[in-house]
Every structure is written in C-alpha cells, then in structure tokens.
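Values reported hereafter were calculated over all heavy atoms of this structure, with side chains retained and with hydrogens, waters and symmetry mates removed. In what follows, every chain begins at residue 1, and chains take the letters A, B, ... in the order their sequences are listed. Keep in mind that what you see is a predicted model, and the values were worked out from it rather than measured.
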There are 4 protein chains.
Amino acid sequence: MVTEPSSRRPLRADAERNRAAIIEAATEVLAEQGSAVDVREIAQRSGVGMGTLYRHFPTKDDLLGTVLDREFTAWAGAARQAADTTDDPRDALEGFYEHALATQAYHRAVVEAYGDTWSGPAPDCTRLLYPVLDDLRARAQDAGVLRADVTTGDLALLLATLSHTVQLVAGSTGVWRRQLRIALDGLGVLDGPPLPTS
Amino acid sequence: MVTEPSSRRPLRADAERNRAAIIEAATEVLAEQGSAVDVREIAQRSGVGMGTLYRHFPTKDDLLGTVLDREFTAWAGAARQAADTTDDPRDALEGFYEHALATQAYHRAVVEAYGDTWSGPAPDCTRLLYPVLDDLRARAQDAGVLRADVTTGDLALLLATLSHTVQLVAGSTGVWRRQLRIALDGLGVLDGPPLPTS
Amino acid sequence: MVTEPSSRRPLRADAERNRAAIIEAATEVLAEQGSAVDVREIAQRSGVGMGTLYRHFPTKDDLLGTVLDREFTAWAGAARQAADTTDDPRDALEGFYEHALATQAYHRAVVEAYGDTWSGPAPDCTRLLYPVLDDLRARAQDAGVLRADVTTGDLALLLATLSHTVQLVAGSTGVWRRQLRIALDGLGVLDGPPLPTS
Amino acid sequence: MVTEPSSRRPLRADAERNRAAIIEAATEVLAEQGSAVDVREIAQRSGVGMGTLYRHFPTKDDLLGTVLDREFTAWAGAARQAADTTDDPRDALEGFYEHALATQAYHRAVVEAYGDTWSGPAPDCTRLLYPVLDDLRARAQDAGVLRADVTTGDLALLLATLSHTVQLVAGSTGVWRRQLRIALDGLGVLDGPPLPTS
DNA sequence: GATGAATGAGCGTTCATTCAT
DNA sequence: AATGAATGAACGCTCATTCAT
C-alpha cells in the first residue's frame, strides 16, 4: 500500500532527493488546491521536469495515491498511538477528533479522498482509520460514555464531514471546534431517541 | 443581489422565455453535477444557443449566481413559512434541518455555494437563511431546548456540515439521518462543557 | 460510413467552409505524412483553431476516418465506373490497377489504412474496393485472361503492396509501372505452377 | 559504412560485450516492432543503461544503422552463397526470393530500411544485395528464363514489394507465397508487352 | 566506462468565452 | 435578439537525448 523507499531497491541519492522533493511539493500543492492541480505545477514546485515526475510516478493517480497513502498512514499511526496512550475512553475519542481535525483536515486532497469512501469504491488508503475508530468506539461504549447504537461507520462519517467543515472555515480553529463539541456531546447522549436505522 | 427581470428593462416575450428555460435547465444540471458542469450542457438542455446563454448571463458565474439566488430565496421562504407555522420550538428547529437536508442538500451546487459562505467573500445570496435560523435559535433557546451558547452562526455551519454529509452518502437517507440525530442531540445538551470561543 | 454534409442538418456557410477546409488540409497532410501527423498541423493548415477542428471531428480518428472514407469512396466510385465502361476484361483489370496506383497510391494514409486490412480488424472503409475487384476478377477469369486460381483477395493484396511500392519510389512513375507490368503478366500466366494454397 | 570494432580503437572486453548485447537486443526488438521502438526497451533487453547505449551509439539512428548493416551483410552473404551453389539459374532466382522472404522479411526494421532505398538518400548498407541480384539476373537472362528487359533495379524493387507483402499478412506464409508465385511467373513471361521505360 | 535519472518539447484532447452569421 | 461555430490556453502523458553519479 505504501511505497516507502525502504521497500524497494535503494535509489540513487539524487533520485531519492527528487522523489522526496516531488512528494513534498505534491503534498503541499494537493493540500492547498486539492486533487485537481496541474501536474506541471507539482513538477515546477519540486524543481524537476515532467519526465522526472513521471518516471517516479507513472500516472498522476499514482502520485496522488502515494501522497495520500503517506498522509493516511501517518495520520492513522499518530491516532493509534494517541489512543493507546490515553486511558480515559472519552478523552481518547475526543482527542482523536481533535487531533485529526487539527492536523489533517487542512489537507484538501486528503479530505476529498476520505470523502470518496462513501461514494463509489473506497480508496483503500482511507481504510487505515477504521481499526482505530473501531477500537475507540468499543472502549467508549464499554465505558458508557458513547451512545450504544453508534457504529464505527457513524464515527468515520462524522470525521469526514467535520474534516470538510474545517476546510470550509479554513483556519478558524475556534469555529470548527464548536461544531466538534456539539457532535461529541451528541455522541454522549445516552437517553435520547434512538438513531434511525440505515 | 438578484438579477430578476423586474429590475431591468422588460425583455421581449421570447427572451423572457429563453431566460426562464436557461435558469430551469441550469438548476437541474447544477443540482445533478455541481458547479463544474460544462456550460454547453446547460445550453443544450435549455434548448438555446451559447450566444443566447451568454447574452443573458455574461459569465458562467453570473448564471450560477442567479440560479443559486433563486434556490436560496425559495429555500429560505419555505423554511420561514415552516418555522412560522410550527409552534413547538424544538420541532421547528428539527423540522428545519430535516426539511433542508431532505430537499436542498441534494442540490450539489447549492451545497457547494453554501459552503463557500465561510471561506472568502460570502456569496450573499446565502445570507437569506440567517434570519430564519436566528429566529429558530432564539425561540429554542428561550424554550430551553437549545444550549445557550450556540450562535446562529453555529447553526448555519452545522447546516453546511450536514448538507455535505448528505452529498457524501448520496441519497442514503438512513445514513445521514443518524448524523442529524447526533447533531440535534448535541444541540440539546444543556449541561455539557461550554462551546469553545471562536 | 461516409459523413457527407448532405446526410446531416446543413451547416452554416462558414462552418461548412471550415469543415471543408479541415478535410482538405487533413487530406493533404495525411497524404504527405501519413496518419502520424500532429493534429495541430492540420488545424494550422486549415486556418482554424484546435477547438474548431475538434468540434467537427471529436477525435483524431474521426477525422482520419472521414478523410479516408471520402478517399476510398471516390476511389471505388471511379474504379467502378471505369470497370463498367471498359468492355475488354483484361483492359478493365489493367486499367483498374493503373488508375488506382496513379491516383491513390500517393496518399500515405490511404495506403496505410488499406494495408491494415490484412493485419487486425479491417477498417471498413477499405471494403468498398472488394466488390469492384471481385467483378473484375470474375470477368477476367471467364474470359480466360486471368489464371483461374487467383482470388479476389489475391488481387486486393497485390493492390496494397503495389500501392506501397508507389510510395517507395515516390513519384517515379516509370519505375512502379514496370512492377505493375510484371505482376499483371504473372496474373495472366495460365499454364504455370498452381498458386500455393493459403 | 559499417562500424565494426575492427575499424576503431579496441574496446575493453566488457565494453565489447555490452556493445554486442546492445546489438543483439536491438536486432530482436527492431525485428519485432520496427524502427519506432522506444530506445528504453532496447536498453532494458540488453541489460545495459541508457548511457552505455548512447556511448556506443550516439543516436538512435546510429544504432539502427549498425544493426541494419549487420543484417544486410549477413543476408547478402547467405544469398551470395546460395546463388553460387545453385546451378539452375531459375532455381537460383526463385530460391533467392523464397529465402529472402522466409527469413528477412519478418524483420520489420530491415524491410522498412530496405524500402527507404528508393526514396531519399539510399542507406547504403542495402546496396550489398545489388551484386547478388545482378548476378542472378544475368544468369537467368542468359538462360532465357527471365524476360530480357528486366533490370537488377526491378528485381531489387520487387524484393521490397514482396517483403512488404510479408509484413502486411504477418506470418501467413500461404498468403504471400501466392504473391511470390505470381511475381515469379510474371518475370518469366518472355513474349508479353515490354516493360515501360523508367 | 557504466549507470539510469533528468529533461522538455510535443502529443491528443477539453471547455469558458467570443463573435460572425 | 438568437444562434452555434470558433478560439486557444491548459490538461495528462511520452520519449529521444543528456548528464550527474
């Protein structure tokens, strides 16, 4: 899933540098503008020619996939670790959303890709988050701090939409945090009407 | 704000008919495909030529603006009326979201435009909803069924968030209704932690 | 098969002119350089922009197909007529090759397309020539001026390869006419060894 | 004409090996796909890097030229020998074509290059065949089994024509042998109309 | 000397907008 | 006033050749 340099024949130093530069530039540009960017802009920002870019990534989608894989992997890793080191289930769940929105939700392409999980075939890089969310959900429900009829899917979708919200208010941390608070409080309501069946 | 015929020199009857046809077709197409549609498709579906379309709307954005104005106006009107005829403040608020999501959230361009309210210069057509939301909020807070620190802006952004949810799950009513329930329950929590300041 | 203006809604005069200009330029360029030309060159030589070219012909292949259809249709038509007005079967056959090579074989793309008949799926525009050849063959064999075991397919292939030969010697009429003479004489040998079975 | 190592400063053993590997791979690939191949494929199949390839052959054309030189030399050599060991002039001539078509005509690049002999500056490697053909022609005409007005040039061009036939029908031996038979019979016609003057 | 990564002009194609008819 | 044809910059991608390692 991930194309880490360590898993392939080591590249020449300059090639490695270029590959890294491309990924870095692409990550930046994709974060800023989403997946609809011109490949030329990525090439220019990396300081490489088109050919070099296409040597490392045979299609635009490959580049996109690589960047997103990295982002999601890093994201899921950090989330996993945070969850494992937080004892209180409620704090763990809230911390997860807080961290996810504060760090990843500014990346337009990541959020786009994550949103695509619900329409059409899910880009499998996005699946990394499910186990983490599933664990958080189970712990919170066991502890009675999360309504019992909430599913992992609900939590995942909530993440997707709140991520989008973060993009909408681009940078106004205080604004989206209020939405998060409302949602989290809603998740903690145990005696309300049951969630409709999907 | 609105480019209604009433505010300009009256058009010839056929011009008026064309204008209406363009708006109708554009509304349809923009609902289905969002604002990224090819202008040609709008022209074709309206049965007019490109020149006619561009005579009425000098820019794709002008057409978009006009269509969205109409949609938001109609939407806000219906919402206003629903709010006025519903006595129970909680029902009024919940009914507003339910109706909004069930009817308008399927309109891709409307949701896109509404989301843009928070980033960059707000397309002012979207402001029509504010008075309605403001009223709903005030009534609900007065009745003690809505947390006191929620602002109209929060409710407006929640609408954007949930609208996006509807788009993501494209038509799976059961799925987004669960998110709506969670959010509404969150809004009703009176004794939770205060919303962060924005 | 053929996209003659007469078979569609009449185009505006200027569009018709442009369409004709494109076809003419394409015919020229394709004749000179074969099917591997840059579409931009065709557009430039026609004096139209890329968009215009692609409005008339949605893909390069469509343009190619249209040009080749026209060429093959004209070719087959002339050949048919020549065959019908020549009484002597031998003269008819020889006249066919003579005319085909003298007029069409200079068109690189036509010859390429015709050659493709034998490898892969035959571009159906090339099929127009078969009935003509079949008739010529039958008449010549009935008259005893063509070896009995020659098939229409043999004659078609001979045409393809002699066309290629004409391209090879680009313009040296006298040179390819000698090859044609040899082939025609070979076709007239009635008492030689039988043709191998294919 | 030929870039044989013997005519230059002797190369290091490994360089020699690389050169040979490149030529071998190129020969294979050019035979299969013609001169339009990607240079990368040749490099890959030879197991050398692009730099090495370009060190030995400064241009794709240089490599092509070298490969074709070798092919034509080998071809002409074999043909020469076959001609010398066949007593019957007719058999010698027919054997030449039969062998040429059965062995060399499957080599796409060879046939392409041979065809270029007639248009533009003749790649002189192809001239090697002339003496052989000239000899075959003289013997056959002396023996009265070949029409008197056929020139060596005619025979050479006939070879190009028939080679192309083999390519068109890609491997269908039975099909091109029929064309060969027709041509050979045409060459044997002594009382037909004279060949046109070129 | 060998390697293979880097280059960049060029390919087929699209679409918001303009303008001749 | 209406039409729809024309425009051309921009897109994703390829490949002969060069040059840093």
Can you tell me the distance, in whole Å, between the [atom1] atom of [X] and the [atom2] atom of [N]?
X: Gln33(B); N: dC15(E); atom1: CD; atom2: C1'; answer: 14 Å
X: Glu16(D); N: dG1(E); atom1: CD; atom2: C1'; answer: 14 Å
X: Arg19(B); N: dA1(F); atom1: CZ; atom2: C1'; answer: 15 Å
X: Ile22(D); N: dG4(E); atom1: CD1; atom2: P; answer: 12 Å
X: His56(A); N: dG12(F); atom1: NE2; atom2: C1'; answer: 18 Å
X: Ile42(A); N: dC13(F); atom1: CD1; atom2: P; answer: 11 Å
X: Leu30(C); N: dG12(E); atom1: CG; atom2: P; answer: 11 Å

Task: Heavy-atom neighbours of Gln33(A) CD exceed 12 at 6.0 Å - done: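 More than 12 within 6.0 Å, yes.
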Open item on the list: I want to check one thing: is the phosphate of dA1(F), taken as OP1 and OP2, less than 4.0 Å away from some side-chain N or O of Asn18(B)?
Closed with: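 No, no such contact exists.
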[atom1]-[atom2] distance between [X] and [Y], expressed to the nearest 0.5 angstrom:
X: Leu30(D); Y: Lys60(D); atom1: CG; atom2: NZ; answer: 8.0 Å
X: Ile42(A); Y: Met50(A); atom1: CD1; atom2: CE; answer: 9.0 Å
X: Leu168(A); Y: Asp116(B); atom1: CG; atom2: CG; answer: 7.5 Å
X: Arg108(A); Y: His164(A); atom1: CZ; atom2: NE2; answer: 8.5 Å

- [ ] Would you kindly compare Gly47(B) and Leu53(C) by the position of their nearest DNA chain F nucleotide and give the one closer to the 5′ end?
- [x]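 That would be Gly47(B).
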TODO: Verify whether one side chain among Thr66(B) and Asp69(B) offers a donor that lies under 3.5 Å from an acceptor in the other.
DONE: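 Looking only at side-chain atoms, Asp69(B) and Thr66(B) do not form any donor-acceptor pair under 3.5 Å.
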Task: Where protein sits on nucleotides 16-21 of chain E, one letter per nucleotide: B base, S sugar-phosphate only, - none, heavy atoms under 4.0 Å - done: BBBBBS
Task: Where DNA chain F forms stems, i.e. three or more consecutive Watson-Crick or G-U pairs with both distances under 3.5 Å - done: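 So the stems come out as E:2-21 with F:2-21.
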Open item on the list: Could you check whether any side-chain N or O of Glu112(B) sits under 3.5 Å from a backbone N or O of Ser35(B), counting only pairs where one atom can act as donor and the other as acceptor?
Closed with: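 Yes.
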Task: Nearest heavy-atom neighbours spanning Thr27(C) and His107(C) - done: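 Nearest heavy atoms, Thr27(C) then His107(C): O-NE2, 3.3 Å.
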- [ ] Pick out which of Glu28(D), Arg70(D), His56(D) makes a side-chain contact (heavy atoms from CB on, under 4.5 Å) with Ile23(D).
- [x]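 Running side-chain contact (heavy atoms from CB on, under 4.5 Å) over Glu28(D), Arg70(D), His56(D) with Ile23(D) returns exactly one hit, Arg70(D).
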